Participant: 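The structure that follows is given in the form of structure tokens.
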There are 2 protein chains.
Amino acid sequence: MDGVNARKNTAETTATTSPRRQAQGDAKGKGRSSSGLASERRDHLVKLAAEIFARKGFQATTVREIAQEAGILSGSLYHHFDSKETIVDEVLSQFLEDLIARYRAALESDADARTVLSEMIRIGFGTLEPHRAAITVMQNDWNYLRQWPRFDYLVKAEDEVEQMWVGQIKRGQADGLFREDVDPKLTYRMIRDTIWVAVRWFRPGGRLNTDGLAEHYITMLFDGLAKGERTTHKA
Amino acid sequence: MDGVNARKNTAETTATTSPRRQAQGDAKGKGRSSSGLASERRDHLVKLAAEIFARKGFQATTVREIAQEAGILSGSLYHHFDSKETIVDEVLSQFLEDLIARYRAALESDADARTVLSEMIRIGFGTLEPHRAAITVMQNDWNYLRQWPRFDYLVKAEDEVEQMWVGQIKRGQADGLFREDVDPKLTYRMIRDTIWVAVRWFRPGGRLNTDGLAEHYITMLFDGLAKGERTTHKA
DNA sequence: GTCTATATTCTGATAGAC
DNA sequence: GTCTATCAGAATATAGAC
């Protein structure tokens with residue numbers, strides 16, 4: 001009695017979306033966004049919702065669909081969350097917390113910039129599987145979500161991550177490991193984009209797993225597509 | 001009397017979205033999607049709509065908003081288009097037609113693979129400015145739109161483009177210009193992603209124009225980030 | 001913690017006058 | 001080609017019984 005699509009669901013149909021009441025004040029207790037102590041039930045609902053958000057887009061997902069997937073009625077969802085925004089908030093902040101924690105750990109190493117960057121790339125691709133839904137939502141609905149003050153923290157997290165990456169790229173240049181004629185910030189953006197957008201086509205069962213993806217990209221990034229021996233620092 | 005927000009607009013407010021009647025049969029004449037002969041008025045409306053779609057997302061954009069931006073009422077839009085889907089259809093197909101035409105021209109050259117690929121990269125970045133809105137919509141609403149049979153052509157166009165790129169990468173490998181230990185399809189995807197996702201942060205007035213972006217990326221792609229002389233074919 | 005029932009608002013789209 | 005007026009449906013969210 002846990003599975004998807006349990007119960008019969010009277011008086012509920014399906015359809016599409018839109019933010020209506022606008023997530024009034026955030027508050028009370030149901031409107032939390034990260035901080036621990038989520039009930040398992042709540043967490044399960046968040047995971048279900050994330051999958052639907054990823055598949056259909058945040059706005060195209062209705063609270064009815066989320067409830068139906070959980071085998072309850074839409075009204076019951078509001079016992080756990082005070083708005084649809086709160087649900088997606090939880091999806092995204094869980095991902096960002098995990099990601100930033102992993103990056104911080106990688107930065108504690110005293111390895112050279114190329115090694116640290118390689119590790120950050122592996123971390124990035126490594127989140128593709130466990131956080132596939134959240135990353136998809138972040139990619140597709142970023143523009144929409146960032147409109148609301150509630151999601152200001154998305155931009156803050158983005159900035160913090162950018163500083164980590166750019167810092168390593170600059171260090172690599174200063175240490176003579178990386179060419180100086182590339183722009184650190186621009187390079188970071190392109191790396192970032194390449195990693196995250198892979199969520200659109202990456203499927204766990206495919207030819208390459210995320211480790212393979214990461215190594216492929218690390219090779220390309222540092223050594224390039226062109227053939228020819230080079231006198232290069234070796235990771 | 002052309003500007004935005006003309007007239008007074010009785011009985012119309014603003015808000016958000018969702019597909020309702022589902023674009024019933026496509027047909028008649030208002031439901032075309034590419035093919036020439038669009039009126040200037042129609043075309044102007046498509047451009048306005050594209051900007052809003054890009055800013056808010058397709059589903060979050062209401063026909064009322066589009067109409068308001070054009071200085072008319074929502075009902076009047078249906079003189080030009082038979083559904084909201086028809087509008088976004090036009091946005092996307094105009095972009096894809098232009099893009100594919102440019103790629104085809106580049107492929108007619110008999111230059112080596114590296115040169116042709118470089119040109120395709122320049123073409124890609126070059127569309128960022130004239131087609132910014134369309135590219136943004138395609139990125140953000142792709143998952144949603146591709147659900148509807150009406151937008152099957154999006155996937156077809158994607159496949160055609162993929163063949164062009166992968167063909168050049170393989171040719172470069174066969175000719176000994178590119179390393180053989182990279183996967184052509186995977187490499188293409190990463191290139192493609194890097195180019196299009198730039199639409200998220202690229203702003204025309206910034207430090208680099210799209211040509212600068214393209215050259216930066218071409219450098220990185222072929223020669224890599226690592227320092228060190230190499231015995232490389234020179235474009 | 002879930003359901004029943006419903007309020008309120010907004011949505012895409014239509015019909016016909018001008 | 002635009003407006004007026006409106007339909008019919010679907011959305012989020014709420015209140016209170018169980």
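Below, each value reflects all heavy atoms present in this structure, side chains not excepted, and no hydrogens, waters or symmetry copies. Everything numeric in this text was worked out from a predicted model, so none of it was measured.
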Participant: Choosing from C:dT2, D:dT2, C:dA13, which nucleotide comes nearest the side chain of B:S74?
Facilitator: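 For B:S74, the side-chain atoms sit closest to C:dA13.
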Participant: Are B:W196 and B:F95, when compared by the centres of their aromatic rings, separated by less than 6.0 Å?
Facilitator: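 Under 6.0 Å, so yes.
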Participant: Indicate whether OP1 or OP2 belonging to C:dT14 is found under 4.0 Å from a side-chain N or O atom of B:H79.
Facilitator: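 Indeed not, no polar side-chain atom of B:H79 lies that close.
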Participant: Quick one: A:Q68 CD to D:dA10 C1', roughly how many Å, whole number?
Facilitator: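 Atom CD in A:Q68 sits about 15 Å away from atom C1' in D:dA10.
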Participant: Please tell me which of the listed nucleotides, C:dG1, D:dC3, C:dA13, lies nearest to the side chain of B:L73?
Facilitator: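 My answer, after comparing the listed nucleotides, is D:dC3.
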Participant: What integer distance in Å separates B:R64:CZ from D:dA5:P?
Facilitator: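 Going from B:R64 (CZ) to D:dA5 (P), I get 14 Å.
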Participant: Rounding to an integer number of Å, can you tell me how far B:H80 NE2 sits from D:dC3 C1'?
Facilitator: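 Spelled out: NE2 on B:H80 to C1' on D:dC3 is 12 Å.
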Participant: In Å, rounded to the nearest 0.5 Å, how long is the span from OH of A:Y217 to OG1 of A:T210?
Facilitator: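 One gets 15.5 Å once the value is rounded to the nearest 0.5 Å.
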Participant: B:Y78 has an atom OH; how far is it from atom C1' of C:dT14, in whole Å?
Facilitator: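 To the nearest whole Å, that distance equals 10 Å.
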Participant: Taking the basic N atoms (NZ, or NE/NH1/NH2) and the acidic carboxylate oxygens, is any pair closer than 4.0 Å for B:D183 and A:R207?
Facilitator: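 Yes.
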Participant: For residues A:A67 and A:L73, report the shortest heavy-atom separation together with the two atoms involved.
Facilitator: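 Looks like CB-C, 3.5 Å.
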Participant: How many Å lie between NZ on B:K56 and P on C:dC10, as a whole number?
Facilitator: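 Result: 12 Å.
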Participant: From the set D:dT2, C:dT2, C:dA13, return the single nucleotide nearest to any side-chain atom of B:S76.
Facilitator: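 It is D:dT2.
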Participant: For B:L45 and D:dG1, what is the distance between atoms CG and C1' respectively, to the nearest whole Å?
Facilitator: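 Between C1' of D:dG1 and CG of B:L45: 11 Å.
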Participant: With under 30° as parallel and over 60° as perpendicular, where do the rings of A:W148 and A:Y144 fit, or are they tilted in between?
Facilitator: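 Because their plane-to-plane angle is over 60°, the rings of A:W148 and A:Y144 count as perpendicular.
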Participant: For a quick check, tell me whether the side chain of A:R41 and the base of C:dG1 share a donor-acceptor pair closer than 3.5 Å.
Facilitator: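 Side chain to base: no pair below 3.5 Å.
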Participant: Just the rounded figure in Å: distance from P of C:dG1 to CG of A:D43.
Facilitator: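 Whole-Å distance recorded here is 14 Å.
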Participant: Between D:dA13, C:dC3, D:dT2, which one does the side chain of B:I72 approach most closely?
Facilitator: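 Among the listed nucleotides, the one closest to the side chain of B:I72 is D:dT2.
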Participant: Taking the side chain of B:V63 as its heavy atoms from C-beta onward, which of D:dA13, C:dT2, C:dG12 lies nearest to it?
Facilitator: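 So the side chain of B:V63 is nearest to C:dG12.
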Participant: In whole angstrom, what separates B:E40's CD from D:dG1's P?
Facilitator: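 In whole Å, D:dG1 P and B:E40 CD are 12 Å from each other.
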